[in-house]
Amino acid sequence: MNLNQLADALIPDENVKPLQYYEEKYPLRPLEKGAQVTRLAPSPTGFMHLGNLYVALANERLAHQSGGVLYLRIEDTDQKRKVEGAVKVIQSSLKYFGIDFDEGAEICGEYGPYYQQQRAEVYHAYAKELIRQGLAYPCFCTEEEMGKTREYQSENKLLPGYYGEFAKCRSLSEEQIYENLKAGKPYVIRLKSQGDVNVKHTFHDEIKGDITVTENNQDVVILKSDGIPTYHFAHAIDDHFVRTTMVIRGEEWLASLPIHIELFKVLGFRLPKYGHNCSIQKIDEEDGARRKLSKRKDPEASLVFYREQGYHPLAVKTYLMTLLNSNFEEWKLKFPDKPIDEFKYSISKMGKSGALFDLSKLNDVSKDVLGTLTAEEMFDFMQEWAKTYGTDAQRAYFTDREYLLKILTLCMGIGSKKRRKDFITAKQAVEMLHYFFETPTSRVYRQDGDTVKAILEGFAATYSAADDNSVWFNKVKAVAEGLNFAVDMKAYKANPENYRGNVSDVAEVIRIAVTGLANTPDLCTIMQILGEQSAKERLLSTVQSL
RNA sequence: GGCCCCUUGGUCAAGCGGUUAAGACACCACCCUUUCACGGUGGUAUCAUGGGUUCGAGUCCCGUAGGGGUCACCA
């Protein structure tokens, strides 16, 4: 059989150049020893998963802390799944969370193009080479035929797939091939696998450690009938020519690792290092089972969720780091002021089992992160959120900058010995501050109506915005004492039955009347910010409705 | 079903043959506090299971169970 001729007949691509050309066009990178070239290779489906960010973070750290390169490749070999504008979504969401690429799609770089769709020529060159070497062949099998052999295989409990005796097109004669071509039958190019499923090797995975892999024996498709490569083939070619040194990807790829190992071998490429990381999971609310965060069922699986909710990008990044390397938290505790990137990230410390997504942990991390911002930074962060996700009323909060800054200074505890941690997200913060802009509409008291009335009327009668903190509190105490609420906490604790409650209960009533909330920062200052008239109005507006 | 991976508290998890089995989140209690917080101290709670190996096992070996992944002209 004339394989050269066959290769040309099967893959008529005029752009294809001799293989040496590609090796020269994409030379080895002049990097320091130990520097890693990593990549992110999403397909443009328009959906960015939390898992994408998780893997992105690992790849980013590995590249940048070793003095290497992180690049972005778009795996757009499946036209059916391609979504318009998806690349923009990928880039903007990764950028939002602080993932910076050194090269890649829409960026720049010497190893492009970074869209697989645009690299047809290289794939074709190597597919032809494999055909010439007798390591690949055309397959004309139809879906029906494939279905039949699959049925037969499952009935007889045989390994499913296209291999060995089931690989009918392996043994097609030259005449049969050309006949089929002449008849215009569609065909794919398959790898003629040299592997044996009974042979196992141990393979070192950077994350999982030593694992056993079975040799591949599947004649996998490398070029689809439209001439576009499958993931496996494109992966081998691209990661070789972009000179990737380490591939960190989701563990769903572990099962196809044997295919990739064979492909690299057959192509004569050096295998990169691999690390397969586990996916983030959650407990299903319906059946209580543990499962992967689902794009369809779980809103928190999507990266846009964190933007809508107003999570600070640094908070999400920090939380993800705690999952990525469990010693990160202790480091952070030790060096709270150091930037994350100074942490020495270690791939070998990654967990081997899938972690459960923990929203309350994220919230806790978020409080700490927001607790490091200045009032101005918080202002900008909240405003940015409100621009796209807030209501008109909320956007109006930002018109009087001085007023809001004063509020934020109070609510964040800036200037006091200890910062407060009231804020979790931009959204929650904006919502929490509504009482500075509107009179609360619903108020729920724990005391009975008469008591509430007595407290509020009594306090309103003496309140003045000119009061400093101690004068203010003395007035609260006076009201409390008059109504038989304990003023001295020790006395109260000794004999609680002697009192109707304590100052804290009285203050709570006033607080709810003014803000609608049981938890707020220093009430005295809040009332000062609101102004005497507004504060008094709020005290008395409740009284009338009781 | 075949193959592969995983299994320490409610959650994230340290541990790599001898520890009172770290730490963080959550929860509870107390302390600090003139209100709300912040903060501090303490507490509840974990080695899936059955066999080995060993003077000694969370740690090594085998089995079992449970969970996850994967078996496409999708990535």
Side-chain angles (χ1 to χ4, degrees), chain A residues 41-45 75-78 80-81 116 139 141 143 146 150 154 157-162 186-190 197 200 205 208-209 211-214 218 220-226 228-232 234-235 249-258 276 278-279 281 283 289-292 319 322-323 326-330 332-333 349 351-365 367 371 411 413 416-422 469-470 472-474 476-477 480 487-489 502-511 515 517-524 526:
Chain A
S43 45
T45 61
E75 309 225 319
D76 53 357
T77 53
D78 184 7
K80 280 162 269 160
R81 299 214 308 180
Q116 291 184 325
C139 168
C141 288
E143 253 177 77
M146 302 283 293
R150 189 172 312 143
S154 78
K157 296 193 173 154
L158 293 165
L159 193 71
Y162 203 84
Y187 60 93
V188 299
I189 306 297
R190 307 189 93 109
V197 267
K200 303 190 177 206
D205 185 278
K208 302 256 179 211
I211 55 172
T212 82
V213 292
T214 308
Q218 298 285 329
V220 289
V221 173
I222 57 175
L223 242 43
K224 302 187 239 181
S225 55
D226 54 6
I228 295 173
T230 55
Y231 169 84
H232 307 116
H235 156 54
R249 34 134 83 150
E251 69 180 341
E252 66 270 21
W253 292 111
L254 203 51
S256 37
L257 185 60
H276 293 88
C278 353
S279 36
Q281 305 185 311
I283 302 280
R290 203 182 233 258
R291 41 148 252 253
K292 208 163 141 177
Y319 171 64
T322 68
L323 293 184
S326 58
N327 54 328
F328 170 75
E329 260 189 291
E330 288 183 42
K332 188 75 196 160
L333 235 43
K349 288 203 173 97
K352 287 180 185 166
S353 53
L356 224 47
F357 179 78
D358 187 351
L359 194 68
S360 64
K361 183 90 179 184
L362 205 212
N363 287 343
D364 181 68
V365 171
K367 286 182 188 177
C411 292
S416 60
K417 321 119 264 179
K418 300 280 188 194
R419 291 280 296 257
R420 302 192 129 247
K421 292 186 181 175
D422 294 355
N469 212 294
S470 69
W472 178 86
F473 198 73
N474 281 335
V476 176
K477 285 204 274 197
V487 169
D488 180 351
M489 284 306 273
N502 61 61
V503 254
S504 169
D505 298 314
V506 173
E508 183 185 273
V509 169
I510 301 171
R511 172 170 276 117
T515 69
L517 302 173
N519 298 330
T520 71
D522 177 52
L523 228 200
C524 175
I526 289 174

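A, B, ... follow the sequence lines: proteins, then strands. Residue 1 opens every chain. Because only heavy atoms are used, hydrogens play no part in the values below, and waters and symmetry mates are left out as well, while side chains stay in.
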- Query: Expressed in whole Å, how much space separates the C1' atoms belonging to G51(B) and A26(B)?
  - Reply: 37 Å
- Proximity to the side chain of Lys200(A) - top-ranked nucleotide from G39(B), G69(B), C3(B): C3(B)
- Ranking Thr214(A) and Leu356(A) by the position along RNA chain B of their nearest nucleotide, the one closer to 5' is Thr214(A)
- Task: Rounded off to whole Å, could you give me the NE2-to-C1' distance for the His276(A) and G68(B) pair?
- Result: 15 Å
- Quantified in whole Å, what is the C1' atom distance between nucleotide C60(B) and nucleotide C31(B)? 47 Å
- Item | Residue Lys80(A), side-chain heavy atoms: nucleotide from C4(B), A37(B), C74(B) that is nearest | C74(B)
- To the nearest Å, give me how far apart CG (Asp358(A)) and P (G9(B)) are. 15 Å
- Query: To the nearest angstrom, how far is Tyr187(A) atom OH from C73(B) atom P?
  - Reply: 17 Å
- Item | From C38(B), A75(B), A37(B), nucleotide with atom closest to Lys421(A) side chain | C38(B)
- Message: Regarding Glu330(A), tell me which of base, sugar-phosphate or nothing describes its non-hydrogen contacts under 4.0 Å with the strands shown.
- Response: base
- Query: Expressed in angstrom and rounded to an integer, what is the separation of Asn363(A) atom CG from U11(B) atom C1'?
  - Reply: 14 Å
- Value in whole Å for how far the C1' atom of A14(B) lies from CZ of Phe328(A): 17 Å
- When we call it a touch if two heavy atoms are under 4.0 Å apart, what does Arg511(A) touch: a base, just sugar-phosphate, or nothing? base
- Query: Using atom C1' of each nucleotide, how far apart are G58(B) and G9(B) to the nearest Å?
  - Reply: 14 Å
- Query: Side chain of Thr230(A), base of C73(B): donor and acceptor closer than 3.5 Å?
  - Reply: no
- Nearest to side-chain heavy atoms of Lys361(A), which nucleotide of A37(B), C25(B), C74(B): C25(B)
- Could you tell me the separation between the CZ atom of Arg419(A) and the C1' atom of G40(B), rounded to a whole number of Å? 20 Å
- Atom C1', compared across G40(B) and C32(B): separation rounded to whole Å: 7 Å
- Message: Using Watson-Crick or G-U wobble geometry with both distances under 3.5 Å, which nucleotide pairs with G9(B)?
- Response: none
- Between the NZ atom in Lys477(A) and the CG atom in Asn502(A), the distance rounded to the nearest 0.5 Å is 12.0 Å
- Note on the structure: From CG of Asn327(A) across to C1' of A24(B) the rounded distance in Å is 13 Å
- Message: Is the phosphate of G68(B) approached by Lys352(A) (side-chain N or O, under 4.0 Å from OP1 or OP2)?
- Response: no
